[in-house]
Amino acid sequence: YTTDLAAALNNAEDGTTVKLLSDLVLTKSANIIGGNKTVTLNLNGHNITRATWQIIQVKGNTDDGTKAKLVITGSGEIQFNVKAADGGQLDMSGWTGTAAWVDLENACDFVGPIGDGHLGELNISNWRSDNKGTILLQGGTIGKLWLNSFDNSFQMTLGSLLKSGCAAKSGSEYLPYDHAISQSDNTLNNLTIVPCPHTGLDSSGRCTYCNATGFVATVTKNDVTAGYTDFLSALDEICDGKRGTLKLLKDVSENGQYVY
């Protein structure tokens with residue numbers, strides 16, 4: 001047991017889990033650096049505030065090339081910056097709380113929440129073609145996604161940040177998978193990451209929201225057309241009293257398995 005969160009994280013060895021037992025105020029910055037170690041911070045439903053400008057940071061050791069990974073789990077609120085930099089890895093896939101800011105600087109890796117986690121801001125700083133990490137967005141909401149690459153020629157597509165099968169909405173509008181994020185167009189607001197509904201098929205049969213292909217049929221209901229890669233799933237949408245229009249996009253082998 002300890003009352004000093006920063007010291008617990010700074011001194012943590014590989015495989016350590018630090019679990020909060022109450023709300024607390026961070027009075028010193030926490031820096032998890034290199035050593036090829038993984039440290040877990042379980043908020044356990046509690047909130048962390050800071051006294052002044054403290055942060056929680058995970059980064060690689062630039063002297064020996066080793067990495068470090070911080071896994072944040074549980075629920076609760078972090079009311080300040082959580083930062084990954086220089087080979088640091090930040091995994092929030094098991095977390096369902098709120099974080100004011102997540103900062104990604106230089107080449108680092110980030111895995112976002114799966115469910116209800118909310119990031120007030122996701123700031124991507126100093127990423128260039130020769131100095132970038134990986135980002136995996138797979139759920140949750142983001143108030144503002146912001147790129148500051150310091151390289152006017154650098155850009156990334158929104159789709160390159162999304163887990164396969166996911167799509168991004170800004171408000172109620174789905175955004176194109178190919179949407180370019182660059183220094184001249186560097187901000188996206190009010191994002192929600194959701195499983196793609198495949199309602200954005202283009203003339204080639206590609207979903208423009210998630211880049212999926214291989215659709216065998218579409219079903220139109222209430223003027224909304226969705227693509228299906230499985231014929232049985234599409235057929236089920238118009239059976240048993242359900243109303244809609246099914247359109248085949250390619251030949252389908254029935255093989256006696258669809259009996260209605």
Side-chain angles (χ1 to χ4, degrees), residues 1-125 133-143 161 163 166 193:
Y1 294 89
T2 180
T3 58
D4 190 339
L5 176 61
L9 292 174
N10 292 345
N11 299 323
E13 298 179 351
D14 182 40
T16 297
T17 295
V18 177
K19 182 178 180 181
L20 298 190
L21 301 178
S22 64
D23 296 349
L24 59 82
V25 178
L26 191 70
T27 58
K28 295 178 291 186
S29 288
N31 294 284
I32 302 164
I33 302 174
N36 291 326
K37 62 184 176 182
T38 297
V39 176
T40 299
L41 172 60
N42 181 356
L43 269 68
N44 192 34
H46 298 293
N47 304 323
I48 311 175
T49 58
R50 62 182 177 182
T52 51
W53 295 102
Q54 293 79 14
I55 65 171
I56 295 174
Q57 177 175 231
V58 58
K59 61 185 299 185
N61 187 323
T62 55
D63 292 331
D64 62 17
T66 59
K67 297 182 180 294
K69 181 177 183 179
L70 173 62
V71 180
I72 300 180
T73 64
S75 61
E77 184 174 358
I78 303 174
Q79 299 178 7
F80 52 86
N81 305 54
V82 179
K83 182 177 181 178
D86 301 320
Q89 300 172 324
L90 177 59
D91 184 344
M92 304 179 80
S93 59
W95 167 82
T96 58
T98 299
W101 296 277
V102 169
D103 296 324
L104 308 177
E105 185 175 303
N106 296 326
C108 59
D109 301 314
F110 174 66
V111 179
I114 292 177
D116 298 328
H118 173 72
L119 310 179
E121 292 191 17
L122 177 60
N123 302 318
I124 306 166
S125 180
T134 61
I135 297 174
L136 184 67
L137 302 180
Q138 53 188 345
T141 56
I142 303 169
L161 312 181
K163 182 180 180 179
C166 287
I193 312 302

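Of the possible donor and acceptor atoms, none in the side chain of D109 sits under 3.5 Å from a partner among the backbone N and O of G133. Distance alone, capped at 3.5 Å, is enough to place a donor-acceptor pair between the D23 side chain and the N47 backbone. A donor-acceptor pair under 3.5 Å links the side-chain atoms of Q54 to the main chain of T52, judged by distance alone. Judged purely by atom type and a 3.5 angstrom limit, Q57 has no side-chain atom pairing as donor or acceptor with the backbone of S29. When atom types are taken as modelled, the side chain of H46 and the backbone of L21 share a donor-acceptor pair closer than 3.5 angstrom. Side chain of T66 to main chain of G35: a donor-acceptor pair is present (N/O by atom type, distance under 3.5 Å, no hydrogens or angles). In this structure, the side chain of N81 does not engage the main chain of K83 through any donor-acceptor pair within 3.5 Å. Side-chain atoms of N61 never come within 3.5 Å of backbone atoms of I33 as a donor-acceptor pair (strictly under, hydrogens ignored). Between the side chain of D116 and the backbone N or O of T96, no donor-acceptor pair lies under 3.5 Å.
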| field | Verdict with reasoning, D91 to S93, per side chain to side chain donor-acceptor pair (under 3.5 Å) | value | CA-CA 6 Å; D91 184 344; S93 59; 2.7 Å; yes
| task | Go through the steps to decide whether L20 and L5 satisfy the test side-chain contact (heavy atoms from CB on, under 4.5 Å), and finish with yes or no. | result | CA-CA 9 Å; L20 298 190; L5 176 61; 4.2 Å; yes
| query | Which is it for V111 and L90 under the side-chain contact (heavy atoms from CB on, under 4.5 Å) test, yes or no, and what are the steps along the way? | reply | CA-CA 6 Å; V111 179; L90 177 59; over 6 Å; no
| said: Quick one, L41 with V71, criterion side-chain contact (heavy atoms from CB on, under 4.5 Å). Give me CA distance, side-chain angles, the key distance, then yes/no. | reply: CA-CA 6 Å; L41 172 60; V71 180; over 6 Å; no
| message | Determine whether M92 and T73 satisfy the following criterion, side-chain contact (heavy atoms from CB on, under 4.5 Å), listing intermediate values before the conclusion. | response | CA-CA 6 Å; M92 304 179 80; T73 64; over 6 Å; no
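Rounded to the nearest 0.5 Å, atoms SG (C166) and CD1 (I114) are 9.5 Å apart. Expressed to the nearest 0.5 Å, how far CD of E77 lies from OG1 of T98 amounts to 5.5 Å. Atoms OG and CG, from S75 and L43 in turn, are 7.5 Å apart once rounded to the nearest 0.5 Å. The structure places CD of Q89 at 6.0 Å from NZ of K69, a figure rounded to the nearest 0.5 Å. Taking CG from L9 and OG1 from T16, the interatomic distance works out to 9.5 Å, rounded to the nearest 0.5 Å. In this structure, I78 CD1 and I48 CD1 are separated by 5.0 Å, a value rounded to the nearest 0.5 Å.
The closest side-chain heavy-atom distance from L26 to T49 is not below 4.5 Å. Between T134 and F110 there is no side-chain heavy-atom pair separated by less than 4.5 Å. In this structure, L136 and L161 have side chains that are not in contact, with every pair of non-hydrogen atoms separated by 4.5 Å or more. Taking the side chain as every heavy atom from C-beta outward, I55 and W101 never approach each other to under 4.5 Å. Counting heavy atoms from C-beta outward, D14 and N36 have side chains that stay 4.5 Å or more apart. Side-chain atoms of D103 and I124, non-hydrogen and from C-beta on, never get closer than 4.5 Å to each other.
Across every non-hydrogen atom of P113 and W95, the tightest pair is CB-O, 3.6 Å. The shortest heavy-atom contact between C108 and G88 is CB-O, 3.2 Å.
No salt bridge links E13 with K37; every basic N to acidic carboxylate O contact stays at or beyond 4.0 Å.
No side-chain donor-acceptor contact under 3.5 Å links N123 and S125. For D86 and T62, the side-chain atoms include no donor-acceptor pair closer than 3.5 Å.
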